[in-house]
K.L.:
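Sharing a structure here in structure tokens format.
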Amino acid sequence: MTRARTVADGLRFPEGPSWLGDGSLAVVEMKGEAVSRVAQDGTVTVLGDCGGGPNGSARGAAGEVYVANNGGLSAEGTGYWHAPREFDGRVQRVDPDGTVTTVGGELPGETPHRPNDLCFGPDGTLYVTDSANWEDLRNIRPGRVVAIGPDGTQLGHVEIPAMPNGVAFGPDGRLYLSQSLTRKVLAFEVSGGEFGVPQQILKLPSGMPDGFAFDGDGLLYVCGSIGNAVHVYADGELKESIETGEGTQPTNACVGADGQLYVTLGLTGQLVAYDLGLTPPTTVHTGSIAGGAA
């Protein structure tokens with residue numbers, strides 16, 4: 001059994017870990033309405049007071065952190081938690097001094113918008129998933145992946161049904177996307193705001209694919225959310241499932257420069273690390289997007 005080291009606990013429904021380059025990680029706290037820095041000794045420091053429901057993070061090129069903010073929604077038991085400061089979902093930039101601004105403007109399509117995860121591409125374009133109205137699963141609308149350029153302009157988008165969720169670039173240069181309600185992970189050729197035809201890469205054996213991460217050898221680590229496991233894939237083939245424990249709900253992951261797999265556990269409020277001796281990613285895409293209104 002692969003054992004985890006607890007890096008920090010007491011986090012308020014953590015999601016979206018991002019390696020910050022100095023050994024610490026940015027972690028969004030959905031029910032804390034904030035993005036925080038977690039040091040290796042477990043110290044947690046708020047980087048930005050975001051309001052709403054911070055759902056994913058991506059490191060910027062100049063020390064800033066970008067946040068996919070779903071507006072203030074989280075599943076809770078048989079119902080939903082709504083943030084005290086609820087708003088329509090947006091993408092936010094958190095500067096090193098804690099200033100929080102909106103980037104990319106109003107997202108396309110009907111409200112509510114539910115930005116879920118985000119990542120930078122090789123050319124500095126920021127790709128953001130919008131999971132749409134997942135609080136109404138019987139009537140859920142198609143979601144989107146939205147491309148935002150460095151000047152904050154929306155370059156284009158593609159509609160994806162069945163709750164687009166986690167997003168990251170693979171070592172093959174394609175954009176990978178989890179589709180939670182089908183248990184699939186898809187891949188696209190992308191260039192700026194242009195999206196190719198999605199290809200199915202894998203389908204989880206159980207649970208729902210949430211966030212995921214690649215290591216430097218191209219292995220893919222997919223958080224299974226309600227399945228309480230992280231599934232490890234090589235070229236679309238399941239190699240291993242790492243059980244995280246009943247009632248933990250692994251939400252997202254990243255591979256640090258130290259070769260450890262970092263996983264956020266939403267229900268238990270933890271950031272944990274698996275010392276697997278992984279090859280760190282050789283390239284971590286970053287960028288900077290001009291901020292707008294607060």
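What you see below is based on every heavy atom in this structure, not just the backbone, and it leaves out hydrogens, waters and symmetry mates. What you see is a predicted model; the values in this text were computed from it and never measured.
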K.L.:
Exactly one of D117, L175, V190, V128 should register a side chain to side chain contact (heavy atoms under 4.5 Å, CB included) with V145. Which one does?
P.N.:
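Exactly one pass, corresponding to L175.
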
K.L.:
Does any pair with a residue in residues 62-108 pass ring pair (Phe, Tyr, Trp, His ring centres under 6.0 Å), and if so which ones, sequence neighbours excluded?
P.N.:
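Pairs touching residues 62-108 that pass the test: Y66-F120, Y80-W134.
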
K.L.:
I need the minimum non-hydrogen distance between G192 and T125, along with the two atoms involved.
P.N.:
CA-OG1, 4.1 Å

K.L.:
Does a side chain donor of either N252 or T264 reach within less than 3.5 Å of an acceptor in the other side chain?
P.N.:
no

K.L.:
Side-chain contact, heavy-atom cut-off 4.5 Å: Q179 with P198?
P.N.:
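No - every pair of side-chain heavy atoms lies 4.5 Å or more apart.
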
K.L.:
Considering only residues two or more places apart or on different chains, which pairs with a residue in residues 17-63 satisfy ring pair (Phe, Tyr, Trp, His ring centres under 6.0 Å)?
P.N.:
W19-Y262

K.L.:
What are the two closest heavy atoms between I226 and Q249, and how far apart are they?
P.N.:
N-CG, 4.1 Å

K.L.:
Which distance, rounded to the nearest 0.5 Å, do you find between the CG of L271 and the CZ of R5?
P.N.:
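The CZ atom of R5 is 8.5 Å from CG of L271, to the nearest 0.5 Å.
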
K.L.:
Counting the benzene-type ring for Trp, do F188 and Y176 have ring centres under 6.0 Å apart?
P.N.:
no

K.L.:
For E15 and N55, test the side chains for any donor-to-acceptor distance below 3.5 angstrom and give the result as yes or no.
P.N.:
yes

K.L.:
Taking atom types as modelled, find out whether S131 and N116 have a side-chain donor-acceptor pair closer than 3.5 angstrom.
P.N.:
yes

K.L.:
Is there side-chain contact between E243 and T248, with at least one heavy-atom pair below 4.5 Å?
P.N.:
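Not touching, per the 4.5 Å side-chain cut-off.
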
K.L.:
Quick one: ring pair (Phe, Tyr, Trp, His ring centres under 6.0 Å) pairs with a partner in residues 226-253, sequence neighbours left out?
P.N.:
none

K.L.:
If you look at every heavy atom in F214 and G170, which pair is closest and at what distance?
P.N.:
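Of all heavy-atom pairs spanning F214 and G170, the closest is CE1-CA, 3.5 Å.
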
K.L.:
Can you find a heavy atom in the side chain of H285 that is under 4.5 Å from one in the side chain of C119?
P.N.:
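No, every pair of side-chain atoms sits at 4.5 Å or beyond.
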
K.L.:
Within the distance-only criterion (no hydrogens, no angle test), does the side chain of D95 pair as donor or acceptor with the backbone N or O of G98 below 3.5 angstrom?
P.N.:
no

K.L.:
With rounding to the nearest 0.5 Å, note down the distance linking CG in L107 to CG in D130.
P.N.:
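If we round to the nearest 0.5 Å, L107:CG and D130:CG are 5.5 Å apart.
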
K.L.:
Where is the tightest heavy-atom contact between S225 and M208, given as atom of each residue plus distance?
P.N.:
CB-O, 3.3 Å

K.L.:
If only atom types and distance count, is the side chain of N69 paired as donor or acceptor with the main-chain N or O of G51 below 3.5 Å?
P.N.:
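Yes, the answer is positive, given that a donor and an acceptor are paired below the 3.5 Å cut-off.
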
K.L.:
According to a 4.5 Å side-chain heavy-atom criterion applied to Ile, Leu, Val, Met, Phe, Trp and Tyr, with indirect links allowed, do I160 and V185 form part of one hydrophobic cluster?
P.N.:
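No; V185 is not reachable from I160 via cluster members.
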
K.L.:
Hey, what do you get for OG1 (T244) to CD (Q270), rounding to the nearest 0.5 Å?
P.N.:
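That separation rounds to 9.5 Å.
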
K.L.:
Would you call P164 and R144 a side-chain contact if the rule is heavy atoms closer than 4.5 Å?
P.N.:
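Of all side-chain heavy-atom pairs linking R144 with P164, none is under 4.5 Å.
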
K.L.:
When you look at CG of D235, are more than 12 heavy atoms from neighbouring residues, nucleotides or ligands closer to it than 6.0 Å?
P.N.:
no

K.L.:
Less than 4.0 Å between a side-chain N and a carboxylate O, is that true for R37 and D22?
P.N.:
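A salt bridge is present here (some side-chain N lies under 4.0 Å from a carboxylate O).
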
K.L.:
Do K184 and L202 have side chains that approach each other closer than 4.5 Å (heavy atoms only, starting at C-beta)?
P.N.:
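Not touching, per the 4.5 Å side-chain cut-off.
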
K.L.:
Could you check whether Q92 and T101, counting side-chain N and O atoms only, form a donor-acceptor pair closer than 3.5 Å?
P.N.:
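On atom types as modelled, these side chains do not qualify, holding no pair under 3.5 Å.
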
K.L.:
Which is it for S18 and C254 under the side chain to side chain contact (heavy atoms under 4.5 Å, CB included) test, yes or no, and what are the steps along the way?
P.N.:
CA-CA 6 Å; S18 296; C254 71; 5.8 Å; no

K.L.:
Give the cluster check for V255 versus L265: same hydrophobic cluster or not, with ILVMFWY residues linked at side-chain heavy-atom distances below 4.5 Å.
P.N.:
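Looking at the clustering, L265 is in the same group as V255.
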
K.L.:
Counting only heavy atoms not in E194 (residues, nucleotides, ligands), do more than 12 fall under 6.0 Å from its CD?
P.N.:
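Open.
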
K.L.:
Which heavy atom of C50 sits nearest a heavy atom of V67, and at what distance?
P.N.:
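In terms of heavy atoms, the two residues are closest at SG-CG2, 4.4 Å.
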
K.L.:
Answer yes if V146 and L118 sit in the same cluster of Ile, Leu, Val, Met, Phe, Trp and Tyr residues linked by side chain heavy atoms under 4.5 Å apart, and no otherwise.
P.N.:
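V146 and L118: one cluster.
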
K.L.:
So, R90 and D88, do they make that salt bridge, N to O below 4.0 Å?
P.N.:
no

K.L.:
Please test T99 against V94 for side chain to side chain contact (heavy atoms under 4.5 Å, CB included), starting from the C-alpha separation and ending with a verdict.
P.N.:
CA-CA 6 Å; T99 300; V94 180; over 6 Å; no

K.L.:
Test side chain to side chain contact (heavy atoms under 4.5 Å, CB included) on T43 and V38 and set out the steps.
P.N.:
CA-CA 6 Å; T43 302; V38 179; over 6 Å; no

K.L.:
Over all heavy atoms of both residues, which pair between S288 and A62 is shortest? Give the atoms and the distance, please.
P.N.:
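Shortest heavy-atom contact: OG-N, 4.1 Å.
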
K.L.:
Please tell me if the side chains of L181 and L137 come closer than 4.5 Å, counting only heavy atoms from C-beta onward.
P.N.:
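Result yes, sub-4.5 Å side-chain heavy-atom pair found.
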
K.L.:
May I have the step-by-step check of salt bridge (Lys or Arg N to Asp or Glu O under 4.0 Å) for D49 and R85, ending in yes or no?
P.N.:
CA-CA 11 Å; D49 180 19; R85 293 174 291 168; 2.7 Å; yes

K.L.:
Assess the residue pair R138 and D136 against the criterion (salt bridge (Lys or Arg N to Asp or Glu O under 4.0 Å)); give the C-alpha distance rounded to whole Å, side-chain angles, the decisive distance to 0.1 Å, and a yes or no.
P.N.:
CA-CA 6 Å; R138 290 185 179 181; D136 186 10; over 6 Å; no

K.L.:
When rounded to the nearest 0.5 angstrom, what distance separates CZ in F195 from NE2 in H157?
P.N.:
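Between atom CZ of F195 and atom NE2 of H157 there are 9.0 Å.
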
K.L.:
Answer yes if V91 and I289 sit in the same cluster of Ile, Leu, Val, Met, Phe, Trp and Tyr residues linked by side chain heavy atoms under 4.5 Å apart, and no otherwise.
P.N.:
yes

K.L.:
Should V46 and S36 count as side-chain neighbours, where that means a heavy-atom distance under 4.5 Å?
P.N.:
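Counting from C-beta outward, V46 and S36 do come under 4.5 Å.
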
K.L.:
Taking C-beta and beyond as the side chain, do D210 and S178 meet within less than 4.5 Å on heavy atoms?
P.N.:
no

K.L.:
Can you get from F212 to I201 by hopping between Ile, Leu, Val, Met, Phe, Trp and Tyr side chains that sit under 4.5 Å apart?
P.N.:
yes

K.L.:
Start with the C-alpha distance between L177 and T129, add both sets of side-chain angles, then the distance that settles side chain to side chain contact (heavy atoms under 4.5 Å, CB included), and finish with yes or no.
P.N.:
CA-CA 9 Å; L177 170 75; T129 57; 3.4 Å; yes

K.L.:
Atom CG of L276 and atom CD1 of I242: how far apart are they, to the nearest 0.5 Å?
P.N.:
5.0 Å

K.L.:
Measure the NZ-CZ distance between K31 and R12 for me, rounded to the nearest 0.5 Å.
P.N.:
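Going from NZ on K31 over to CZ on R12, the span is 12.0 Å.
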
K.L.:
Does this structure show an ion pair linking E135 with R114, if we count only N-O contacts that are shorter than 4.0 Å?
P.N.:
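Salt bridge: yes.
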
